[in-house]
Amino acid sequence: MLIEFMDEQIGKVLETLQETGQAEDTIVVFTADHGDLFGDHGLMLKHFSHYRAVTRVPLIIRVPGQDDQRRSSELVSSADFAPTMLDLAGVPAFRGIQGRSLVDGHGNLALGTGAEALLIEEDQPFSLDGLPAPVRMRTVITSEGRLTRYMGTPISELYDHRSDLMNCRTSPAPWRGLNWPIACRPP
């Protein structure tokens with residue numbers, strides 16, 4: 001139902017851009033700040049985990065005059081959004097801006113500009129059974145895997161994305177002694 005609703009609303013925006021003659025002057029972006037767990041690993045929502053369902057979000061960019069459709073699984077960060085939009089608008093990035101533009105030297109969105117690794121930082125003021133407040137998580141993601149460290153605890157997670165895309169097998173098992181539901185659905 002949510003996907004159908006979003007599809008209708010996005011369709012209305014695109015239709016209005018066409019009807020008003022603004023489609024060829026408008027960069028259209030679809031993205032999200034995070035994903036959600038809808039039963040993945042027996043969990044709901046987004047807190048206290050950096051599973052792929054939470055960290056992998058869509059980034060769709062339509063630039064007028066660049067109609068060739070390309071798809072990439074490269075690592076990009078939400079921090080890359082501002083430098084990319086500034087570049088596409090022809091506005092120089094300000095000194096010290098975080099992230100990097102996904103635009104090549106000719107003003108086109110470019111594949112091959114993905115990062116080798118991304119850092120995710122999460123700080124929550126509340127706690128969870130087995131994790132003292134405040135919960136501080138740090139995660140490094142590469143195309144090969146993910147390493148998450150729960151600061152102030154001995155808990156770490158290490159996943160190999162080449163053989164375990166759903167993050168079902170971690171080494172070493174961090175969940176011992178914690179009261180968390182852990183379940184994996186096959187891809």
Side-chain angles (χ1 to χ4, degrees), residues 27-37 40-41 43 45-63 66-124 131 134-175 182 184-187:
I27 297 170
V28 178
V29 179
F30 179 82
T31 191
D33 62 338
H34 60 79
D36 277 297
L37 296 162
D40 298 49
H41 301 273
L43 302 170
L45 305 176
K46 63 178 179 174
H47 298 294
F48 304 111
S49 73
H50 289 167
Y51 290 121
R52 289 172 70 91
V54 175
T55 62
R56 191 176 169 114
V57 297
L59 175 60
I60 301 169
I61 303 174
R62 183 200 168 271
V63 179
Q66 296 182 33
D67 293 329
D68 56 326
Q69 295 182 7
R70 294 172 283 168
R71 189 178 188 152
S72 172
S73 59
E74 295 176 44
L75 294 174
V76 297
S77 168
S78 56
D80 300 333
F81 182 76
T84 300
M85 293 300 107
L86 289 171
D87 234 357
L88 288 171
V91 176
F94 59 86
R95 183 173 174 243
I97 192 169
Q98 293 186 6
R100 65 203 167 8
S101 176
L102 305 175
V103 177
D104 66 18
H106 306 290
N108 299 308
L109 286 174
L111 296 180
T113 56
E116 289 184 32
L118 298 178
L119 173 65
I120 299 172
E121 299 175 291
E122 180 176 352
D123 295 314
Q124 296 294 340
L131 290 177
V135 174
R136 294 179 58 231
M137 299 169 59
R138 302 296 181 262
T139 296
V140 175
I141 297 178
T142 69
S143 59
E144 289 84 27
R146 169 173 75 85
L147 172 64
T148 297
R149 179 82 175 93
Y150 293 82
M151 310 309 279
T153 77
I155 301 171
S156 295
E157 301 172 326
L158 178 63
Y159 296 97
D160 184 343
H161 288 168
R162 295 166 294 189
S163 63
D164 181 21
L165 279 176
M166 295 299 292
N167 295 163
C168 293
R169 297 179 304 274
T170 184
S171 175
W175 308 112
I182 302 299
C184 256
R185 291 185 307 186

Between Asp160 (side chain) and Arg162 (backbone), is there a donor-acceptor pair under 3.5 Å? yes

Answer whether the closest heavy-atom distance between the side chains of Leu118 and Ser77 falls below 4.5 Å. yes

Work out which heavy atom in Thr142 is nearest to a heavy atom in Ala117; give both atom names and the distance. CG2-CB, 3.9 Å

How long is the span from the CD1 atom in Ile120 to the OG1 atom in Thr55, to the nearest 0.5 Å? 5.0 Å

Rounded to the nearest 0.5 Å, the CG atom of Leu119 sits from the OG1 atom of Thr139 at a distance of 8.0 Å

How about Val135 and Glu122: do any of their side-chain heavy atoms sit closer than 4.5 Å? no

Between Gly107 and Leu88 the two heavy atoms that sit nearest each other are O-CD2, 3.9 Å

Does the side chain to side chain contact (heavy atoms under 4.5 Å, CB included) test come out yes or no for Glu157 and Tyr150, once each step is laid out? CA-CA 9 Å; Glu157 301 172 326; Tyr150 293 82; 3.5 Å; yes

For side chain to side chain contact (heavy atoms under 4.5 Å, CB included), just list the numbers for Leu59 and Val76, CA-CA rounded to whole Å, side-chain angles, deciding distance to a tenth of an Å, and then say yes or no. CA-CA 9 Å; Leu59 175 60; Val76 297; 4.0 Å; yes

Rounded to the nearest 0.5 Å, the OG1 atom of Thr148 sits from the CD1 atom of Ile141 at a distance of 7.0 Å

Which atom pair, heavy atoms only, marks the closest approach of Leu75 to Ser143? CD1-N, 3.8 Å

For a quick test of reading the model, state the closest non-hydrogen atom pair linking Arg149 to Ser156 and the distance between them. CD-OG, 3.1 Å

Show the nearest heavy-atom pair for residues Leu102 and Thr84, with the distance to one decimal. N-OG1, 3.0 Å

Neighbour count above 12 (heavy atom, 6.0 Å) for Gln98 CD: no

Hey, does Leu109 have a side-chain heavy atom less than 4.5 Å from the side chain of Val103? yes

What heavy-atom pair brings Ala110 and Asp104 nearest, and what distance separates the two atoms? CB-CB, 3.7 Å

